[in-house]
Amino acid sequence: MNNNDLMEKIVSLAKRRGFVYPASELYGGLANSFDYGPLGSQMKKNIKDVWWREFVTKRDDIVGLDSAIIQNPRVWEASGHLKSFSDPLVECKKCHQRFRADHVEEVKGMAGSELTTEQKAMIVCPAGGEHEFTEAKDFNLMFKTFIGVTEDTASVAYLRPETAQGIFTNFENVLQSTRVKIPFGIAQIGKAFRNEITPGNFIFRTREFEQAEIEYFIKPDDKESSKWYEYWIEKVKSFYLDLGMKKENLLIREHEKSELSHYSTGTSDIEYRFPFGVSELAGIAQRTDYDLKQHEQYSGQELKYYDDESRAKYVPYVVEPSMGIDRAMLAFLVDAYDESNGSDGRAAGEVTLRLHPKLAPIKAAVFPLVKKEGLPDVARSMVDELRRSGIMVFYDESGSVGRRYRRQDEIGTPWCITVDFQTLEDETVTVRDRDTMKQERVAVKKIATWINERLEGVL
Ligand code: GAP
């Protein structure tokens with residue numbers, strides 16, 4: 001299967017089975033905007049839940065935060081986003097389409113057969129031949145809005161382009177209200193907005209997306225910064241690997257000096273081999289004391305940490321692991337997509353989404369073998385009990401058991417539970433594993449525990 005076909009199949013499955021829909025479809029859609037359906041919203045929640053559990057719940061050095069999307073505009077002056085958060089824009093003099101100059105350059109170096117529809121549009125001009133581009137000029141990516149009833153300069157506000165700044169502006173609040181000690185982190189998951197020049201590739205680059213970020217505060221020392229930088233690169237990488245991402249699809253790339261954001265002295269990207277090319281999943285940046293010092297200067301308030309041990313007062317350095325939730329979701333979908341060639345006991349063309357059980361939107365499907373002799377009642381009461389334990393389950397009594405398995409394989413459900421005649425005799429059910437297709441008998445009484453053990457509490 002070529003890469004364009006793979007993306008098309010994933011987009012189509014995502015819509016057909018309720019993972020991701022094009023946004024505002026009722027009104028002709030809105031380019032590059034998406035809504036997450038019943039299964040997609042659950043899967044996305046699962047990614048965030050695992051992240052929160054891994055980096056907040058399980059640790060005593062990281063606390064959580066949920067800051068506002070719209071902040072005082074001075075925040076963005078201080079952070080440097082108003083001045084420097086821009087991408088180079090070129091416009092075709094013939095068709096007036098606009099693109100990111102660096103993306104056009106990248107695409108020019110690729111072979112024609114590898115290009116996605118979006119990438120081809122950067123080369124071929126609908127007015128004929130190739131585009132004729134203007135000189136590149138900087139375009140600020142911040143989304144502007146207005147607070148209150150007047151749309152004048154005094155009421156201008158911005159939608160946050162990263163969640164990170166809400167963490168820096170609450171640094172002092174967190175110090176005062178908790179007992180964190182350096183090194184410590186503040187974690188946040190939330191929406192961010194960027195007026196991207198060339199969004200595209202499904203949910204990979206959109207104008208509205210979710211980030212999961214940690215600002216990890218450390219002693220202001222270059223060696224400490226390097227140590228924690230390496231530490232966070234490994235931690236973020238393990239996050240994806242532990243959730244089943246294939247090792248060969250994950251890469252680490254250190255930024256060239258010329259690519260560094262205005263706040264960073266060193267950044268590495270964790271990249272994924274997407275069907276449309278190797279692209280960024282997450283970034284780990286050494287932000288030094290840049291942000292806190294900027295906020296000290298613009299707010300006129302001290303943002304320092306008093307170190308009991310050294311009895312010194314300082315502005316800490318920061319190492320920031322930052323990942324995109326939507327991109328993680330796309331990478332997990334791509335990684336899990338498996339179309340049978342007919343040699344594994346499935347018919348050729350049948351799709352199995354080999355999602356890690358923690359990410360699968362539905363954990364178990366419960367089937368009565370037939371719709372009679374009380375089997376549906378037993379199955380339904382099992383569904384009720386599993387739901388009471390907080391496990392996402394799906395009840396299905398329609399069609400053959402084989403067809404019911406296929407419907408669940410396609411959405412990544414790891415376990416299918418069948419209530420059969422033996423259940424009535426010995427109170428056991430068969431549990432069929434999505435990946436091995438092996439079946440085992442488990443006592444009805446133990447089924448919730450059996451599932452829980454395999455999910456380690458991520459329901
Ligand atoms: N606070 C640092 C920061 O925002 P970034 O590399 O610009 O760094 C972090 O963004 C992550 O957010 C990226 O690695 C990516 O996963 C995600 N991201 C950024 N722009 C995005 C977009 N337009 N659509 C979807 N995800 C995006």
Side-chain angles (χ1 to χ4, degrees), residues 20 23 31-34 36 44 47-48 51 65 67 69 71 75-76 78-81 84-87 100 102-103 118 139-143 158-169 185-216 229 232-233 236-237 239-240 245 250-255 259-272 274 276 278-288 290-292 294 318-334:
V20 183
N32 302 298
S33 267
F34 297 94
Y36 288 80
K44 200 170 167 202
I47 299 173
K48 292 186 278 185
W51 188 90
L65 185 83
S67 69
I69 285 172
Q71 300 276 348
V75 169
W76 311 112
S79 69
H81 283 84
S84 319
F85 195 58
S86 50
D87 279 335
R100 243 175 86 168
D102 51 334
H103 286 178
E118 277 111 0
F139 172 77
N140 194 290
L141 302 181
M142 301 264 284
F143 260 107
Y158 300 90
L159 306 188
R160 66 181 175 198
E162 60 168 13
T163 65
Q165 294 306 321
I167 297 181
F168 294 121
T169 54
I186 304 179
Q188 162 153 244
I189 298 179
K191 287 254 177 172
F193 303 81
R194 296 181 189 176
N195 202 357
E196 297 279 2
I197 299 166
T198 37
N201 289 322
F202 195 34
I203 52 172
F204 177 80
R205 183 173 281 106
T206 49
R207 295 193 171 96
E208 173 182 344
F209 54 96
E210 255 179 303
Q211 291 187 316
E213 302 198 291
I214 301 169
E215 303 307 318
Y216 199 75
Y229 176 58
W232 280 110
I233 292 173
V236 175
K237 195 173 134 204
F239 175 81
Y240 298 107
M245 197 171 274
L250 213 54
L251 297 94
I252 296 177
R253 186 181 69 85
E254 178 125 34
H255 280 208
E259 284 178 82
L260 292 176
S261 314
H262 60 274
Y263 49 71
S264 174
T265 57
T267 297
S268 283
D269 285 345
I270 310 269
E271 299 184 324
Y272 182 77
F274 285 99
F276 44 84
V278 172
S279 287
E280 176 185 346
L281 266 187
I284 293 88
Q286 303 190 67
R287 288 181 89 127
T288 65
Y290 174 84
D291 301 270
L292 287 178
Q294 287 289 106
V318 170
V319 174
E320 173 195 71
S322 168
M323 67 177 261
I325 297 292
D326 314 74
R327 279 186 193 183
M329 173 139 163
L330 180 58
F332 283 123
L333 285 175
V334 169

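Start at 1 and go down the list; that is how both ligands and their atoms are numbered. Quick note: numbers below take in every heavy atom, side chains included, and nothing from hydrogens, waters or symmetry partners.
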Residues Glu210 and Lys44 bridged, charged N to O under 4.0 Å: yes
For atom 15 (C) of ligand 1, the closest protein heavy atom turns out to be Arg327 NH1, 3.5 Å
Output for pair (Leu250 CG, Phe239 CZ), nearest 0.5 Å, gives 11.5 Å
Note: Asp326, heavy atoms under 4.0 Å from ligand 1, region reported as neither
Looking only at protein heavy atoms, what sits closest to atom 25 (C) of ligand 1 is Phe204 O, 3.1 Å
Nearest non-hydrogen contact to atom 17 (C) of ligand 1 from the set Gly324, Ser322, Pro161 belongs to Gly324
Contacts of Asn201 meeting side-chain hydrogen bond (donor to acceptor under 3.5 Å, both in side chains) (sequence neighbours excluded), chain-then-number -> none
Out of Phe209, Phe85, Tyr263, the nearest non-hydrogen contact to atom 27 (C) of ligand 1 is supplied by Phe209
re atom 3 (C) of ligand 1, the protein heavy-atom contact at minimum distance is Glu213 OE2, 3.6 Å
Looking at Glu118 and Arg100, is there a salt bridge between them, counting it only when a charged N and a carboxylate O are closer than 4.0 Å?
no
Residues passing the side-chain hydrogen bond (donor to acceptor under 3.5 Å, both in side chains) test with Thr267, sequence neighbours excluded, are Ser264
Trace of the ring pair (Phe, Tyr, Trp, His ring centres under 6.0 Å) decision for Phe204 with Phe276 = CA-CA 10 Å; Phe204 177 80; Phe276 44 84; 5.3 Å; yes
Does ligand 1 come near enough to Leu281 that some N or O of the ligand is less than 3.5 Å from an N or O of the residue? yes
With a 4.0 Å cut-off, would you call Asp87 and Arg194 a salt bridge? no
for atom 7 (O) of ligand 1, nearest protein heavy atom and its distance come out as Arg194 NH1, 2.8 Å
Note to self: Please check this pair: side chain of Glu213 against backbone of Thr163, looking for a donor-acceptor N/O pair closer than 3.5 Å.
What the structure shows: yes
Atoms of ligand 1 under 4.0 Å from any heavy atom of Ala282, numbered from 1 in the order shown, are 14 (O)
Worksheet item: Do Ile69 and Lys191 have side-chain heavy atoms sitting under 4.5 Å apart?
Response: yes
protein heavy-atom neighbour closest to atom 24 (N) of ligand 1 works out as Thr206 N, 3.1 Å
Note: heavy atom closest to atom 23 (N) of ligand 1, options Glu280, Glu196, Arg207, Glu162, belongs to Glu196
Arg287 heavy atoms within 4.0 Å reach ligand 1 at atoms 1 (N), 2 (C)
Check: of Arg160, His81, Glu320, Gln165, min heavy-atom distance to atom 2 (C) of ligand 1 comes from Glu320
Atom 10 (O) of ligand 1 has as its nearest protein heavy atom Gln211 NE2, 3.3 Å
